[in-house]
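Below is one structure, written out as structure tokens; comments come after it.
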Amino acid sequence: MITEKNTELNGLTLNGFSKEDIGDDHLFTSLDTPMKANAFEMSNDEKKKRISILFSEIMDVIGLDLTDDSLQGTPDRVAKMYVEEIFSGLDPKNKPKVALFDNKYQYNQVLVEKNITFYSNCEHHFVPIIGKAHIAYKSSGKVIGLSKLNRIVQYFAKRPQVQERLTNQIANELKTVLQTEDVAVIIDAKHLCVSSRGIQDDTSTTVTTYYGGEFNNPSKILELQNYINN
């Protein structure tokens, strides 16, 4: 894992490479989403006002006519989308509340929730990451509602992300909530920073995995892959 000790000159270099050297390389610097200490001192309404102003400037700089009927409302729409929708997972107030229930069914085998569709955004270019998450866990005596698994995925996806971080954040949250190490997360996603710009490869996808506890052995990994592929 890359740590703060690897960064030099206030982020101008990373492991001895400049930002230009790194280019489009897929990397991240920490497990936690990089956030300012005062990230939530400003109200959401004030954030939307400021984003709208700043996005108007971007549109103006690239030459768009902001008096056009179709474009007049775009800055406000983008601001609302950023704060209330696609980056709402940055705000801890939006973290899903998860209730645990006794495992009264005495189901002690693997539970797999597969094909959880999510939309995130690449933190390097702010373009979409579109994919599916597959989650598995083995009960420690407690279970949660299936919809909460989806909500946990969506919460961590709705922020500027790197897929490796997203995978680990979901896994760590599941371990904490479910009170077990027996958790697995597999994410298969398409990055529009790869397919719509740069190398413009529209066929490749990226797969990241986390196998914890009982899942961290070859037979369990094969078993889980069979569940997902069938």
Side-chain angles (χ1 to χ4, degrees), residues 11 18-20 22-29 32-96 115-133 147 149-167 169-170 187-208:
S18 70
K19 293 177 182 178
E20 289 74 20
I22 293 168
D24 292 338
D25 284 351
H26 198 63
L27 55 86
F28 67 108
T29 56
D32 296 323
T33 301
M35 299 287 292
K36 300 193 305 181
N38 64 346
F40 304 106
E41 291 180 1
M42 189 184 301
S43 71
N44 283 349
D45 285 342
E46 181 61 24
K47 287 180 179 179
K48 285 185 281 188
K49 289 178 183 176
R50 293 191 61 181
I51 291 170
S52 179
I53 292 170
L54 294 169
F55 201 80
S56 295
E57 292 184 14
I58 292 174
M59 294 175 68
D60 181 65
V61 168
I62 63 177
L64 294 174
D65 180 4
L66 284 165
T67 66
D68 183 86
D69 290 342
S70 179
L71 298 179
Q72 283 183 355
T74 297
D76 287 342
R77 286 190 289 266
V78 170
K80 182 179 180 180
M81 176 183 69
Y82 275 10
V83 174
E84 297 183 6
E85 299 178 76
I86 65 175
F87 298 139
S88 61
L90 290 171
D91 192 339
K93 290 187 298 185
N94 295 325
K95 190 173 184 178
N115 295 325
I116 301 172
T117 300
F118 71 86
Y119 296 87
S120 189
N121 276 267
C122 164
E123 71 178 35
H124 300 134
H125 295 95
F126 273 47
V127 293
I129 300 171
I130 304 169
K132 293 185 182 297
S147 67
L149 298 176
N150 295 62
R151 293 184 186 280
I152 288 171
V153 171
Q154 303 305 337
Y155 172 69
F156 288 104
K158 289 182 177 180
R159 57 182 70 181
Q161 270 292 11
V162 176
Q163 187 172 324
E164 295 92 330
R165 181 195 295 132
L166 175 61
T167 305
Q169 286 179 336
I170 293 170
I187 293 180
D188 186 349
K190 177 182 287 290
H191 295 241
L192 265 67
C193 61
V194 173
S195 62
S196 67
R197 55 156 306 281
I199 194 66
Q200 296 186 346
D201 177 2
D202 191 46
T203 59
S204 64
T205 63
T206 301
V207 178
T208 49

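Computed from heavy atoms alone, side chains included, the values below leave out hydrogens, waters and symmetry copies.
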Main-chain N/O of Thr67 paired with Gln72 side-chain donor or acceptor, under 3.5 Å: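 Yes.
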Side-chain donor or acceptor of Gln154 paired with backbone N/O of Thr117 under 3.5 Å: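 Answer holds: yes.
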Would you list the atom pairs, donor with acceptor, under 3.5 Å between side chains in residues 32-44 and any protein atom, with sequence neighbours excluded?
{"from": "Thr33", "atom 1": "OG1", "to": "Arg159", "atom 2": "NH1", "distance (Å)": "3.0"}
{"from": "Thr33", "atom 1": "OG1", "to": "Gln169", "atom 2": "NE2", "distance (Å)": "3.2"}
{"from": "Ser43", "atom 1": "OG", "to": "Glu46", "atom 2": "N", "distance (Å)": "3.1"}

Non-neighbouring partners of Lys47 that pass side-chain hydrogen bond (donor to acceptor under 3.5 Å, both in side chains), sequence neighbours left out: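 Partners of Lys47 by the side-chain hydrogen bond (donor to acceptor under 3.5 Å, both in side chains) criterion come out as none, since no residue qualifies.
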Any non-hydrogen side-chain atom of [X] less than 4.5 Å from a side-chain atom of [Y]?
X      : Y      : result
Thr206 : Val194 : no
Lys80  : Asp76  : no
Ile86  : Tyr119 : no
Tyr155 : Pro96  : yes
Leu66  : Pro75  : yes
Lys48  : Ile51  : no

Heavy-atom closest contact ([X] atom, [Y] atom, distance):
X      : Y      : result
Pro128 : Asn121 : N-OD1, 3.7 Å
Ser88  : Glu84  : CB-O, 3.6 Å
Leu166 : Ala157 : CD1-N, 3.7 Å

Donor-acceptor side-chain pairing of Thr208 and Gln163 below 3.5 angstrom: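 Their side chains do contain a donor-acceptor pair, which is all the 3.5 Å distance test asks for.
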Arg50, CZ: over 12 other non-hydrogen atoms inside 6.0 angstrom: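 No, not enclosed.
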If you round to the nearest 0.5 Å, how far is [atom2] of [Y] from [atom1] of [X]?
X      : Y      : atom1 : atom2 : answer
Ser147 : Ile152 : OG    : CD1   : 9.5 Å
Ile129 : Cys122 : CD1   : SG    : 5.5 Å
Met81  : Phe55  : CE    : CZ    : 7.0 Å
Lys190 : Ser195 : NZ    : OG    : 5.0 Å
Phe118 : Lys132 : CZ    : NZ    : 10.0 Å
Lys49  : Leu54  : NZ    : CG    : 14.0 Å

